[in-house]
Asker: 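Before I ask anything, let me first share the structure, which is written out below as structure tokens.
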Amino acid sequence: MCKDPLPIKGILESLRDDVKSGVLTLHQAAEELHEAGWSNFVDDDKARLLLNL
């Protein structure tokens, strides 16, 4: 019987951490969101809103 779920990050939290740490640029995060189906095209403004940056 599992008491606590594993702390697995979602795509938004993971990308937000990567952008904040400098591993990815905002544009690269927007490309990742597009490939994952979060937007119909690469949109930096929507990525900024989704990642709360």
Asker: How long is the span from the CG atom in D18 to the CD atom in E32, to the nearest 0.5 Å?
Answerer: 9.0 Å

Asker: Step through the shown structure and confirm whether more than 12 heavy atoms of other residues, nucleotides or ligands are within 6.0 Å of CG on N52.
Answerer: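 More than 12 heavy atoms, drawn from other residues, nucleotides or ligands, come within 6.0 Å of this atom.
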
Asker: As a quick check of understanding, evaluate side chain to side chain contact (heavy atoms under 4.5 Å, CB included) for D43 and L33, giving each step before the final call.
Answerer: CA-CA 9 Å; D43 185 355; L33 290 170; over 6 Å; no

Asker: Would you say the side chain of L15 lies within less than 4.5 Å of the side chain of Q28, judging by non-hydrogen atoms?
Answerer: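 No, every pair of side-chain atoms sits at 4.5 Å or beyond.
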
Asker: So, does S21 use its side chain to make a donor-acceptor pair with the main chain of D17 at under 3.5 Å?
Answerer: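 A pair under 3.5 Å: yes.
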
Asker: For W38, is there any backbone N or O sitting under 3.5 Å from a side-chain donor or acceptor partner on K46?
Answerer: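 A pair under 3.5 Å: yes.
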
Asker: Indicate yes or no for a side-chain donor-acceptor contact from R16 to the backbone of L51 under 3.5 Å, with no hydrogens or angles considered.
Answerer: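 Answer holds: yes.
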
Asker: Let me confirm one number: the CG-OG distance from D45 to S39, rounded to the nearest 0.5 Å.
Answerer: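 Atom-to-atom, D45:CG and S39:OG are 11.5 Å apart.
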
Asker: Quick one: list whatever passes side chain to side chain contact (heavy atoms under 4.5 Å, CB included) with H27, sequence neighbours left out.
Answerer: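 Counting only residues at least two positions away or on another chain, H27 forms a side chain to side chain contact (heavy atoms under 4.5 Å, CB included) with T25, E31, V42, D44.
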
